[in-house]
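Here is the structure we will look at.
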Amino acid sequence: MILELAVLTHFSHTIVIAPSGQSMDQKMLIRLAKSHGTPIVVVDHKVLRENYAQFRKFLPRVQVYYAVKANSDSAIVQTFYDAGASFDVASMAEFLNVHEKLAKLSAKEQQDFIWDRVIYANPIKAIETLEQLDQYKPLVTYDNHEEVIKIARYAPHSGLVLRLRVPNTGSMVELSSKFGALPGEAVDLMSFARFSKLEVEGVSFHVGSQCTNAQNYVQALHLAAGIFAEAKLRGFDLKLLDIGGGFPAHYDDTVPAFRRLAATINSEIGRLFPEPIEILAEPGRFLVASAATAVAKIIGKAVRGGKPCYYLDDGIYHTFSGVIFDHCQYHLKSFKKGPTQICSVFGPTCDALDTISLAEELPDLDVGDLVYSENIGAYSAASSTHFNGFNPATIVHVNK
Ligand SMILES: *Cc1c(COP(=O)(O)O)cnc(C)c1O
């Protein structure tokens, strides 16, 4: 029904909305790659909606704040908005990306949405950002004294959430060395905020991204419960607990089932944080990773040290940026059948860092053949560059 049309460019990606009602099978990937040219990233909005529904189903007490940094594509943010999500933003641009979605609401409804459903979850905010944010009276996180002084001065209408440092053991992306107040200083930081005439509404943490170790959540919940108890003795009435992101995407079968992790979290929050304490979470990767597939073309082929080497028109400065930034190894698949061999796969730029993998299993392929990589919706196209004159992949949205 919807015509295929190039609608807008967002963060310099060309964006295409493809007709709906198709499943993302190999045939469709080939067809889309032929009609739009490569490299492309196909985003299936049906999968986005399913992932959101899964999260709601297995963690029914938890309000879902989509972490926009995992994939800030405006159409993805729109789909989560339509599904009823709230949002975690961490820059002014991300805030405005969400704010755009509220255009049809009255001024009062917009303000209510931002109060109730948006958290600015970057513990460090530039003064200019605080000045711009203050009019929206948002919820913001903090983890140090200096930030309280800045917030009190430049965004005194904010509500505060104290970000706690928690173990990130075994998570694919570690965050605890950069952010988080130590448990021993947490309540003092709340007192300092109160002294500065700011209101502390709750506590947040992040167990590290792609956290497959349920014990990280258990330990973090226990630490947070200790802080809640200590805060209560000091006269704080904390209303919310933000359990952050980290929920793992099912990249392969070594990742434990979400249902099991959710069951552990549910029983701990039920015991430690009885209602009416509000529980929120900031899933990024879990909601978007499995919704996108990259399709690239082989533009060159060589044999080096006896090993086949393929050169693609997409690489680590582009859709495969997660190989570097996200510590995520993406695997490539071929549309062709046949006996496979170990090969190297490189991106198109002149930099040797632009190496997607030194050990992929692919059949014998030719220049012009297509390859694809699944589960590439999180921390991928979001950090594409224009390095060396190669543009980011075209984003093709299906089932919107
Ligand atoms: C990155 C980030 C998230 C999202 O994390 P995922 O592991 O993708 O779920 C959530 N909250 C904060 C504060 C973040 O920095």
Side-chain angles (χ1 to χ4, degrees), residues 48 51-52 54-56 58-59 62-73 76-77 80 85-95 97-98 117-125 129 138-144 147 160-181 202-214 216-217 220 224 240-251 255-256 258 261-262 265 279-292 321-322 325-328 375-383:
L48 295 175
N51 290 347
Y52 179 79
Q54 283 272 311
F55 198 97
R56 296 283 303 136
F58 289 114
L59 290 170
V62 179
Q63 199 178 337
V64 186
Y65 285 62
Y66 170 56
V68 173
K69 88 169 185 293
N71 195 322
S72 56
D73 186 288
I76 291 177
V77 172
F80 288 133
S86 302
F87 295 93
D88 155 7
V89 298
S91 66
M92 210 54 214
E94 288 184 2
F95 178 86
N97 185 346
V98 172
R117 317 253 313 258
V118 176
I119 183 166
Y120 194 101
N122 190 337
I124 305 291
K125 294 157 288 296
T129 303
L139 207 52
V140 301
T141 63
Y142 78 108
D143 65 3
N144 67 85
E147 197 71 12
L160 267 59
V161 173
L162 183 91
R163 168 89 171 255
L164 198 59
R165 179 168 176 168
V166 298
N168 280 203
T169 314
S171 296
M172 190 167 85
V173 183
E174 197 268 348
L175 298 165
S176 61
S177 57
K178 184 164 176 183
F179 297 119
V203 168
S204 76
F205 58 75
H206 197 303
V207 295
S209 201
Q210 186 69 7
C211 170
T212 51
N213 174 9
N216 282 347
Y217 284 100
L240 66 91
L241 175 72
D242 176 351
I243 64 174
F247 307 92
H250 198 83
Y251 289 118
V255 178
F258 179 64
L261 173 64
I265 293 173
I279 313 289
L280 38 128
E282 304 163 346
R285 184 190 304 280
F286 179 86
L287 296 180
V288 290
S290 61
S321 59
F325 297 126
D326 194 32
H327 318 283
C328 186
N375 300 319
I376 200 162
Y379 307 110
S380 52
S383 33

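One-based numbering, in listed order, for ligands and for the atoms of each. Atom set for the values below is all heavy atoms of this structure, side chains included, hydrogens, waters and symmetry mates excluded.
Those atoms of ligand 1 with a heavy atom of P283 less than 4.0 angstrom away are 9 (O). Ligand-side atoms of ligand 1 in range of R163: 13 (C), range being under 4.0 angstrom from any heavy atom. Those atoms of ligand 1 that come under 4.0 Å of a heavy atom in G245, given as number and element, are 5 (O), 9 (O), 10 (C). If you number the atoms of ligand 1 from 1 as listed, the ones under 4.0 Å from a heavy atom of D88 come out as 10 (C), 11 (N), 12 (C). The distance from ligand 1 to the heavy atoms of S209 drops below 4.0 Å at these ligand atoms: 6 (P), 7 (O), 8 (O). Residue G284 approaches ligand 1 through these ligand atoms, each under 4.0 Å from one of its heavy atoms: 4 (C), 6 (P), 8 (O), 9 (O). Those atoms of ligand 1 that come under 4.0 Å of a heavy atom in A67, given as number and element, are 3 (C), 4 (C), 10 (C). Remark: ligand 1 atoms within the under-4.0 Å shell around heavy atoms of R285 are 6 (P), 8 (O), 9 (O).
For an aromatic pair to be called close, the ring centres must be under 6.0 Å apart, and F87 with F95 fails this.
A distance of 9.0 Å separates CG of D88 from CG of N122, quoted to the nearest 0.5 Å.
The protein heavy atom nearest to atom 3 (C) of ligand 1 is H206 NE2, 3.4 Å. Nearest protein heavy-atom neighbour of atom 10 (C) of ligand 1: E282 O, 3.2 Å. Regarding atom 15 (O) of ligand 1, its nearest protein heavy-atom neighbour is K69 NZ, 2.8 Å.
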Q: Start with the C-alpha gap between Q210 and T212, add the side-chain angles, then the distance that decides, and say whether side chain to side chain donor-acceptor pair (under 3.5 Å) holds.
A: CA-CA 6 Å; Q210 186 69 7; T212 51; over 6 Å; no
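Remark: side-chain polar atoms of R285 are not paired, donor with acceptor, to backbone N or O of P248 under 3.5 angstrom. In this structure a side-chain-to-backbone donor-acceptor pair under 3.5 Å is present from N168 to H206. N144 places a side-chain N or O within 3.5 Å of a backbone atom of E147 that can act as its donor or acceptor partner.
Closest approach of N216 to S171, counting heavy atoms only: ND2-OG, 3.5 Å.
Screening V203, I119, D143 for a side-chain contact (heavy atoms from CB on, under 4.5 Å) with V161, the sole residue that qualifies is I119. Of the candidates F55, F247, Y52, F55 is the only one forming a ring pair (Phe, Tyr, Trp, His ring centres under 6.0 Å) with F286.
Proximity of L175 to ligand 1, defined as any heavy-atom pair under 4.0 Å, is not found for any part of the residue. Under 4.0 angstrom from ligand 1, the non-hydrogen atoms of Y379 all belong to its side chain.
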